[in-house]
Chemist: 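Got a structure here, written out as structure tokens. Questions coming.
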Amino acid sequence: MLRLDKLTKQYGKFTALDGLSLEIADGQLHGFVGPNGAGKTTTMRIISTLLQPTSGTAEIDGVDVVRSGSKARKLIGYMPDFFGVYDSLKCWEYLDFYGRCYRLSAGERKQMADQLLDLVQLTEKRDAYVDSLSRGMKQRLCLARSLIHDPKLLILDEPASGMDPRARAEMKGILKTLRDMGKTVMISSHILPELSEMCDSLTILDHGHLVFSGSVEELSEKMNGNAPLDIRLQAGCGEETVERAVACLKELPFIREILQEETTLLRARLEGGEAETQQILRELVSRNIPVCDFHRAPMNLEKVFMEVTVDA
């Protein structure tokens, strides 16, 4: 559905996006993650034909967004991070206005407006004025607006920004429904745990560079393979036993760092996988060090984000 090839955007000497290449398959819910200034919004604006790249290409369903912008815009539904709404219009009038912009007939506009208000759970607000809606309702209405022409690709820049927990849960349910309808959705967000729950794949950007792109499972496997190892010794084993355990770990060449988190809890960072982990346990047991618990510390998406991005 979406293919980016060496996409670059420069502002004078500053490079906002540096050779980004990635593909998003048809019907996927794809999370776009990165710290502020990583290049997420720049990428989304290029894909949405609002910004021209310095070099590289972006294609939607085989359509080049630069060479065939008008054709590409028919395939895109774009919801920016900051959006304006016409407060003096009723909800159905708001959607009808945008339906006219896409040259839909009167019958098509009414049908789409009714369907979309139902989708975003605003049917009871059909005749309410936009300025009477809560922030969360306005965001859902803006999402409906981006769907008025039935696009194949949705590009949503921080769609849940500023929402309360209930409103975010409602938005998450709507996005899952859109995926089930066959829409391809590209969504940027800083609410990382929610992205990991609902996305099929993720891209992580940092300072304009691609850090990771792939499935949530691939990211989890990659990062949990680098997760620190927690070693808990028997309570009351004594300081001398803890020192022997630390000395044992320091002898192993693949141990990078050892931290004492608590009196009997050691955390080791290592280079290696299952074989190295098993070797650590064998060494500790062979020296009669009383190990009570031994496991890799789980890495959620927030921990992954902190691991793979550089502090600006």
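Any value given below was found using the heavy atoms of this structure, including those in side chains, with hydrogens, waters and symmetry copies removed.
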Chemist: Compare every heavy atom of Ser132 with every heavy atom of Ala128, then report the nearest pair and how far apart it is.
Modeler: CB-OG, 3.8 Å

Chemist: Tabulate below the donor-acceptor pairs under 3.5 Å that side-chain atoms of residues 137-151 make, not counting sequence neighbours, or state none.
Modeler:
from   : atom 1 : to     : atom 2 : distance (Å)
Gln139 : NE2    : Pro159 : O      : 2.9
Gln139 : NE2    : Ser161 : O      : 3.0
Arg140 : NE     : Val120 : O      : 2.7
Arg140 : NH1    : Glu170 : OE1    : 3.0
Arg140 : NH2    : Gln121 : O      : 3.3
Arg145 : NH1    : Tyr94  : OH     : 3.1
Ser146 : OG     : Leu143 : O      : 2.6
His149 : NE2    : Ile76  : O      : 2.6
Asp150 : OD1    : Lys183 : NZ     : 2.4

Chemist: Before giving the answer on side chain to side chain contact (heavy atoms under 4.5 Å, CB included), spell out for Leu205 and Leu17 the whole-Å C-alpha distance, their side-chain angles and the decisive distance to 0.1 Å.
Modeler: CA-CA 9 Å; Leu205 290 184; Leu17 200 61; 4.3 Å; yes

Chemist: May I ask you to decide if Ala275's main-chain N or O and Gln278's side chain share a donor-acceptor pair within less than 3.5 Å?
Modeler: no

Chemist: When rounded to the nearest 0.5 angstrom, what is the spacing between CG in Asp293 and CG in Leu233?
Modeler: 10.5 Å

Chemist: Find the distance between CG (Leu75) and OG1 (Thr184) and round it off to the nearest 0.5 Å.
Modeler: 10.5 Å

Chemist: Tell me, please, which residues at least two apart from Arg135 pass side-chain hydrogen bond (donor to acceptor under 3.5 Å, both in side chains).
Modeler: none

Chemist: So, do Tyr102 and Lys74 sit near enough that their side-chain heavy atoms are less than 4.5 Å apart?
Modeler: no

Chemist: Looking at Ser68 and Lys71, would you say the former's side chain and the latter's main chain have a donor-acceptor pair under 3.5 Å?
Modeler: no

Chemist: For a 4.5 angstrom cut-off between non-hydrogen side-chain atoms, does Arg126 reach Lys90?
Modeler: no

Chemist: Might you point out which heavy atoms bring Cys237 and Thr264 nearest each other, and give the distance in Å?
Modeler: SG-CG2, 4.2 Å

Chemist: For the pair Arg287 and Glu251, evaluate salt bridge (charged side-chain N to carboxylate O under 4.0 Å, His left out) and give the outcome as yes or no after the intermediate values.
Modeler: CA-CA 13 Å; Arg287 301 188 191 196; Glu251 292 177 10; 2.6 Å; yes

Chemist: Is it the case that the side chain of Asp64 and the backbone of Arg67 share a donor-acceptor pair, with hydrogens and angles ignored and the cut-off at 3.5 Å?
Modeler: yes

Chemist: Just so I know, are the side chains of Leu249 and Ile280 near enough to count as touching, which here means a heavy-atom distance under 4.5 Å?
Modeler: yes

Chemist: Could you note down all residue pairs passing salt bridge (Lys or Arg N to Asp or Glu O under 4.0 Å) where residues 18-39 supplies at least one of them, sequence neighbours left out?
Modeler: Arg3-Glu23

Chemist: Below 4.5 Å, heavy atoms only, C-beta onward: do Cys91 and Asp127 meet side chain to side chain?
Modeler: no

Chemist: Drop me the distance from Leu51's CG to Ile46's CD1, to the nearest 0.5 angstrom.
Modeler: 5.0 Å

Chemist: Passes salt bridge (charged side-chain N to carboxylate O under 4.0 Å, His left out), Asp180 versus Lys176? Steps please.
Modeler: CA-CA 6 Å; Asp180 294 341; Lys176 288 182 177 180; over 6 Å; no

Chemist: Are the side chains of Val65 and Val63 in contact, using a 4.5 Å heavy-atom criterion?
Modeler: no

Chemist: Going through the checks in order, is the side chain to side chain contact (heavy atoms under 4.5 Å, CB included) test met by Leu119 and Leu117?
Modeler: CA-CA 5 Å; Leu119 173 69; Leu117 287 172; over 6 Å; no

Chemist: For the backbone of Gly19 and the side chain of Thr8, can you confirm whether one donor and one acceptor N or O come within less than 3.5 Å of each other?
Modeler: yes

Chemist: One pair to check against side chain to side chain contact (heavy atoms under 4.5 Å, CB included): Val291 and Phe294. What are the steps and the verdict?
Modeler: CA-CA 7 Å; Val291 178; Phe294 184 90; 4.0 Å; yes

Chemist: Got a sec, which pairs hit salt bridge (Lys or Arg N to Asp or Glu O under 4.0 Å) with one end in residues 235-245, sequence neighbours left out?
Modeler: Glu240-Arg244

Chemist: Answer whether the closest heavy-atom distance between the side chains of Leu270 and Thr277 falls below 4.5 Å.
Modeler: yes

Chemist: Answer whether the closest heavy-atom distance between the side chains of Ile187 and Met79 falls below 4.5 Å.
Modeler: no

Chemist: Closer than 3.5 angstrom, by distance alone: can the side chain of Asp200 be matched with the main-chain N or O of Leu29 as a donor-acceptor pair?
Modeler: yes

Chemist: Quick one: do Gln28 and Ser201 satisfy side chain to side chain donor-acceptor pair (under 3.5 Å)? Show the steps, please.
Modeler: CA-CA 7 Å; Gln28 279 201 339; Ser201 55; 2.8 Å; yes

Chemist: Could you see if Leu229 belongs to whatever hydrophobic cluster contains Leu259? Use Ile, Leu, Val, Met, Phe, Trp, Tyr and a side-chain cutoff under 4.5 Å.
Modeler: no

Chemist: Let me confirm one number: the CH2-CG distance from Trp92 to Leu122, rounded to the nearest 0.5 Å.
Modeler: 16.0 Å

Chemist: Should Ile258 and Leu265 be regarded as members of a common hydrophobic cluster, given that ILVMFWY residues are connected when their side-chain heavy atoms come within less than 4.5 Å of each other, either directly or indirectly?
Modeler: no

Chemist: Is Ser286 reaching over with its side chain to a backbone N or O of Glu283, donor-acceptor style, under 3.5 angstrom?
Modeler: yes

Chemist: Mind checking the CD1-OG spacing from Ile204 to Ser213? Nearest 0.5 Å is all I need.
Modeler: 9.0 Å

Chemist: Residues two or more places apart in sequence or in another chain: which of them pass side-chain hydrogen bond (donor to acceptor under 3.5 Å, both in side chains) with Arg45?
Modeler: none

Chemist: For the residue pair His30 and Phe32, does the interplanar ring angle fall in the parallel (under 30°), tilted (30 to 60°) or perpendicular (over 60°) class?
Modeler: tilted

Chemist: For Leu104 versus Arg109, what's the shortest heavy-atom pair and its separation?
Modeler: O-NH1, 2.8 Å

Chemist: Between Leu156 and Ser188, does a side chain to side chain contact (heavy atoms under 4.5 Å, CB included) hold up when you go through it step by step?
Modeler: CA-CA 6 Å; Leu156 312 178; Ser188 75; over 6 Å; no

Chemist: Once the angle between the rings of Tyr86 and Phe97 is folded into 0 to 90°, is it parallel (under 30°), tilted (30 to 60°) or perpendicular (over 60°)?
Modeler: perpendicular

Chemist: Return each pair, listed once, that meets salt bridge (Lys or Arg N to Asp or Glu O under 4.0 Å) where at least one residue sits in residues 51-63; pairs must be two or more places apart or across chains.
Modeler: Asp61-Lys152

Chemist: Indicate the atoms forming the closest heavy-atom contact of Glu271 with Glu276, along with that distance.
Modeler: O-CG, 4.0 Å

Chemist: Does atom CD (Glu274) have a neighbourhood of more than 12 heavy atoms from anything else shown, all under 6.0 Å?
Modeler: no

Chemist: Are Leu133 and Tyr129 in one and the same hydrophobic cluster, where Ile, Leu, Val, Met, Phe, Trp and Tyr link if side-chain heavy atoms are under 4.5 Å apart?
Modeler: no

Chemist: For Lys40 versus Gly34, what's the shortest heavy-atom pair and its separation?
Modeler: NZ-O, 2.9 Å

Chemist: How long is the gap from CG on Asp5 to OG on Ser21, to the nearest 0.5 Å?
Modeler: 4.5 Å

Chemist: Can you see which heavy atom on Ala245 is nearest to which on Leu266, and at what distance?
Modeler: CB-CD1, 3.8 Å

Chemist: Any sub-3.5 Å donor-acceptor pair from Lys9's side-chain atoms to Gln52's backbone N or O?
Modeler: yes

Chemist: Decide yes or no on salt bridge (charged side-chain N to carboxylate O under 4.0 Å, His left out) for Arg232 and Glu262, but give the supporting numbers first.
Modeler: CA-CA 9 Å; Arg232 185 173 292 280; Glu262 299 172 13; 3.3 Å; yes

Chemist: For the residue pair Ile47 and Leu153, establish whether any side-chain heavy-atom pair is separated by less than 4.5 Å.
Modeler: yes

